[in-house]
Amino acid sequence: MTSDPTTLRRLDQIPKAYHPAETEQRLYAWWEESGYFRPNGNPDAKRFVISMPPPNVTGALHLGHALTASLEDIMIRYHRMRGDNTLWVPGEDHAGIATQTVVERELAKEGSDRQQLGRERFVERVWEWVRTYKSRIQNQHRRLGVSADWTRERFTLDEGLVRAVREVFARLYEEGLIYRGERIINWCPRCMSSISDLEVEVENTPGKLYYVCYPLEGEAGLAPTPSAGATEGETRYISVATTRPETILGDVAVAVNPSDERYRDLVGRYAILPIMNRRIPIVADEAVDAAFGTGAVKITPAHDATDFEIGNRHELERIQVVGFDGKMTEAAGPFAGQDRFEARKGVVAEFERLGLLDKAEDYEVPLGHCSRCGTIIEPLISLQWFVKMLPLATPALGALTYGQMHIVPERFDKIYTDWLENIRDWNISRQLWWGHRIPAWYCGTCGQVTVSREDPTACAHCGSAEIVQDEDVLDTWFSSWLWPFSTLGWPDDTPDLRMYYPTTVMETGYDIIFFWVARMAMAGIHFLGVVPFETVYLHGLVRDEQGRKMSKSLGNVIDPIEVMDQYGTDALRFTLATSGTPGNDIKLSIERIIGNRNFANKIWNAARFVIGQTEGIGGGIPALEAVQPKTLADRWIVSRAQALAAEVTRLLDELQFGEAGRQIYDFFWSEFADWYIEIAKLQLQDEAQRERTAGILRAVLDCVLRLLHPFMPFVTEEVWQHLYADVPEPERPASALIVAPWPRTERAAEQGSRQGRVRRAETLRSGQAQAGFQRDTAAEEEIALLQEIITRIRDARNEAGVPPAKRVPVILAAGPKAAMLRKHAPLIEQLARTEPPRVERMLAAKPQQAVALVAGGVEVYLPLAGMLDVEKELARLDAEIAQAESAAERARGMLANPRFVERARPDVVQRERDALAAAEDTLAKLHARRAELAG
RNA sequence: GGGCGAUUAGCUCAGUUGGUUAGAGCGCCACGUUGACAUCGUGGAGGUCGGGGAUUCGAGCUCCUCAUCGCCCACCA
């Protein structure tokens, strides 16, 4: 065929390599301006809704966000193409303590602090920060290709969300589910705030367990410890163990187990607390484990949760000796004003001096750290607001148990359940300035509390105007747990709320299942009566190539923006989506990203070929199910493409993104590009086949672009626009690939597997079920045989050192396959660089001086006169014989086992019989050839 | 103290209802400018699927057990 000038021009028009940077921004802006990210609003369509986990406005997006964005965008784009009423609500989180900490750090650099600024100016300063970083995060999401509806974007401190938070606080207060009380809470002396149990990171740290002696009242003059001369058996002191000696100063009792014989006589007596010289009772309490330490426990109700409980039962005083600033209080006597750890050393030294330190053992101490700043947590007694969780947790448990919600992967069911079953009240007040201010006012006149949705002007109880609002703000998660409905307009009854609540999939990291997922479930059920999402999909953490967590201090943080700059968004997204499995951590490797950058380029170039080489050939771009495949290759690729579409659809419905992506990759590269396009080059030269081949090339390309679009939105859209460049707008299936219809697939055979619920819901959607296509298994088998023959010939050429360009003669003895192979001989000729093959049923005389191969029962002879090394050839034949022999042996062994033949499924048995027959046939041919060659 | 996950080729990982010869990418070896692509093509080498046991005609996959690594939860001072 002579070169068509238009073809050449067209190929020149499309750049030789895909350049992501040039296309991404342009396409994204166009999509957004065109309104493609907005839901279609069709009340008859199936809904698909995701609430984006709002990133903290503390800084830049990291790879974890990129993973979230990629997976959610895959789902969103897929469902949009399916024609679903698809909504993705984006937003950002004000991240109370986290943001306050960053801004405070900024202030510190300027030599200032929040106290200097005052509350109002400090909050204004944080808003400045938020404005900068919020838009930065939005833009980073845009770079990631996030096709969220930005017109519905929300921030957790938006006016509407403030109203939601107030409504929830007031309602829970009215229901008695929010209360204010004195409890032991986790106090961070650096943040100067209480934090919830979830915000404490416990780390086992080597420390000491100190055994100290408290002399008994009335026996103070006697030698207190054995080391000080006390006699065995005499009871002059009571010994207790502690890891935090500084809290001794706040001790108000010693407790023993009531059934502990050793201490029976001491219960009811008093000990004298050294240093403080305080008279403290010895009490009996079930909470004490007689087997631990000395069996006697010092009781510090102001600094330990268990002691607090024991203190309540025995009406003990609470003496706070460690202050909110981490320094010892006035109540710590001689240690007042000292740092808490300084005081610890001092107390130990003092006990040692007094001869009251029995021993100090090495001991692993579970130390709580503030998850935000790392400071060691001080358990303190403090007046705080709490949410009573049990009444909220019970229905949330039920939602999972009764299947209104399910978690992928399933193993997180247990983690969710265990947490809810052991739920503890939630400390929601924070002594911070950045966040939702607690809507509670205290009356200076009557002392009562007024909780109100609107700012009140007078006390609700006595009408006094002497009211002041609580200084504290709410835990940041107190706004997050309302996210799926507060973003849709709740507490108002909005059209969005009616149409898009509950959401469909909640996709997030497994690390916030308690913080966020479980709490959203509780809030959704409590306030709207419906669990806020049908499916919870949990992904893992993104780690570095060595499997380490990415952290600034390790310096191993990979910035997604830099990755996108270098390799393109599609490469990053595809890598993130295909590198792991649900719930498991991902080790991100740059090599993989490079590989997927190459994949994007492969698509680009294959498309360049299809578009360029078929330019000017009529037939348009047919739908895959409408093409009329004629040749074997046509029938094969169309069958395979349709099977792929069905499989990818199934996998996406099952949320198996990785497997779906891999299948598209494999099909595109190893079937479409490596084989069909190569065959098509041949077919395009045949006038009779040109138009049909061009149509199939375009149809398959179109189909794959659609399947791949959710994963690699940019390169696919760009290519798709090139593909349709000559098709007038009204004749296109859609104005853009992003809104093009998903390939029609056969949707039966999807019943009953693990994610049945989602699947069935997807499958049974109206109007989508298709009459199934028939896989062309005959074509697939015949192509497989041709591929094997061609590959074996290529291999033999390589082995024999035949120059790549040299045509070699080939003779096939193909038995029953002869007719088929004769028909497709040009494929062998072209793809294996042979002379026109001679195809016979049988050969009267075997060619001499030829390499002989057996491929799928077909004898292949390459008469390589002068190039054949008989010794090498014999060795090669022996290797092949050995291989075929072991295959035959295996099958023979299985078939010789009567239990296999009786019990295995008939098709499995038949397969073994076929395998054995094939192996024996191959063996016979190989042996014959070997004999000839040797003889 | 409970619970969970991982362990498959030199490296990073797939492998979803147990069934032909366990796959991919990278790396490695050999060859290569056949008009889409060197971000490429062709071919090849490379694995007792962590150890042991059980169930089964048949186990990478199910069960038990052990080991190593990692994570989560936990008020024994």
Side-chain angles (χ1 to χ4, degrees), chain A residues 3 8 11 14 16-18 184 202 209 240-244 247 255 287-289 291-294 296-300 304-309 366 379 411-412 414-415 418-419 422 510-511 513-514 540-541 545 547 567 578-581 583-589 591-592 594-613 651 654 656 658-659 662 665-666 670 673-674 677 681 752-755 791 794-799 801-805 830 833 883 886-887 890-891 894 897-905 907-909 911-912 914-915 918:
Chain A
S3 302
L8 290 176
L11 271 174
I14 304 176
K16 245 186 132 175
Y18 171 59
I184 294 283
V202 180
L209 183 61
V240 297
T242 181
T243 57
R244 295 190 297 155
T247 64
V288 180
D289 178 357
F292 186 86
T294 64
V297 189
K298 61 187 275 310
I299 301 300
T300 325
D304 182 279
T306 310
D307 292 8
F308 178 82
E309 298 294 326
R411 68 184 138 91
F412 287 101
K414 192 169 154 44
I415 296 180
D418 286 352
W419 190 70
N422 298 294
Y510 65 70
D511 52 330
I513 184 166
F514 307 139
L541 270 44
E545 301 194 30
Y567 306 107
T578 55
S579 287
T581 42
N584 290 330
D585 293 352
I586 291 174
K587 279 181 221 156
L588 191 75
S589 81
E591 278 71 33
R592 249 186 128 116
I594 293 171
N596 290 325
R597 186 268 320 257
N598 295 352
F599 180 44
N601 191 57
K602 185 77 184 178
I603 293 160
W604 183 261
N605 274 293
R608 221 172 126 246
F609 171 82
V610 170
I611 298 165
Q613 289 297 323
L651 290 166
E654 288 179 28
Q656 296 192 59
E659 190 56 25
R662 268 174 244 121
Y665 181 102
D666 288 342
S670 354
D674 286 351
I677 287 185
K681 286 176 181 171
S753 88
R754 208 170 293 173
Q755 273 87 45
T791 303
R794 286 167 171 170
D795 181 22
R797 293 173 54 115
N798 255 342
E799 289 286 310
V802 178
Q830 175 74 3
R833 297 296 290 177
Q883 205 184 339
S886 82
R890 195 189 134 280
M894 287 178 79
N897 181 348
R899 310 186 59 147
F900 170 70
V901 182
E902 282 162 27
R903 299 197 188 185
R905 277 206 325 263
D907 62 306
V908 176
V909 177
R911 201 156 57 203
E912 283 313 316
D914 294 347

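In the text below, chain A, chain B and the rest are named by the order of the sequence lines, each starting its count at 1.
- Residue contacts shown for A/Thr791 are limited to sugar-phosphate atoms, with no base heavy atom under 4.0 Å away.
- The side chain of A/Lys298 contributes no N or O atom lying less than 4.0 Å from OP1 or OP2 of B/A77.
- Residue contacts shown for A/Ser579 are limited to sugar-phosphate atoms, with no base heavy atom under 4.0 Å away.
- Ranked by how close their nearest RNA chain B nucleotide is to the 5' end, A/Thr581 and A/Ala673 are led by A/Thr581.
- The nucleotide whose nearest atom lies closest to any side-chain atom of A/Tyr665 is, among B/A77, B/G15, B/G25, B/G25.
- B/G10 and B/A22 have their P atoms separated by 16 Å, with the value rounded to a whole Å.
- Paired runs in RNA chain B that reach 3 or more consecutive Watson-Crick or G-U pairs, where each pair keeps both distances under 3.5 Å, cover B:1-7 with B:67-73, B:10-13 with B:23-26, B:28-32 with B:40-44, B:50-54 with B:62-66.
- With both ends at atom C1', the span from B/A77 to B/A67 equals 34 Å, rounded to whole Å.
- Contact annotation: A/Asn598 reaches the phosphate of B/C40 (side-chain N/O to OP1 or OP2, under 4.0 Å).
- The A/Arg794 side chain lies nearest to B/U42 when the options are B/C76, B/U42, B/U39.
- Contact between the side-chain N/O atoms of A/Thr300 and the OP1/OP2 oxygens of B/A77 is not found at any separation under 4.0 Å.
- Within the 4.0 Å cut-off from OP1 or OP2 of B/A14, not a single side-chain nitrogen or oxygen of A/Arg662 is found.
- Of all nucleotides listed (B/A38, B/A77, B/U39), B/U39 comes nearest to the side chain of A/Ala17.
- Between A/Gln613 atom CD and B/U34 atom C1' there is a gap of 13 Å when expressed in whole angstrom units.
- Relative ring orientation between A/Phe599 and A/Tyr665 is described as tilted, the plane-to-plane angle lying within the 30° to 60° band.
- For B/A36, the OP1/OP2 oxygens have a side-chain nitrogen or oxygen of A/Lys681 closer than 4.0 Å.
- Nearer the 5' end of RNA chain B, as judged by each residue's closest nucleotide, is the contact made by A/Leu651, out of A/Leu651 and A/Ala915.
- Atoms CZ (A/Arg597) and P (B/C37) sit 17 Å apart, rounded to a whole Å.
- Comparing B/A77, B/C73, B/U21 by their nearest atom to the side chain of A/Arg890 picks out B/U21.
- Within 3.5 Å, a donor on the side chain of A/Lys602 pairs with an acceptor on the base of B/C37, or the reverse.
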Discussion item. Using a 4.0 Å heavy-atom cut-off to protein, can you give one letter per nucleotide of nucleotides 5-10 of chain B, 5' to 3': B if the base is in contact, S if only the sugar-phosphate is, - if neither?
Written reply: S-----

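- In this structure, of B/G19, B/A14, B/G44, it is B/G44 that holds the atom nearest to the side chain of A/Asp795.
- Residue A/Lys587 places no side-chain N or O under 4.0 Å from the OP1 or OP2 atom of B/C11.
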Worksheet item: Is there a side-chain contact (heavy atoms from CB on, under 4.5 Å) between A/Val297 and A/Val240 once you walk through the steps?
Response: CA-CA 5 Å; A/Val297 189; A/Val240 297; 5.8 Å; no

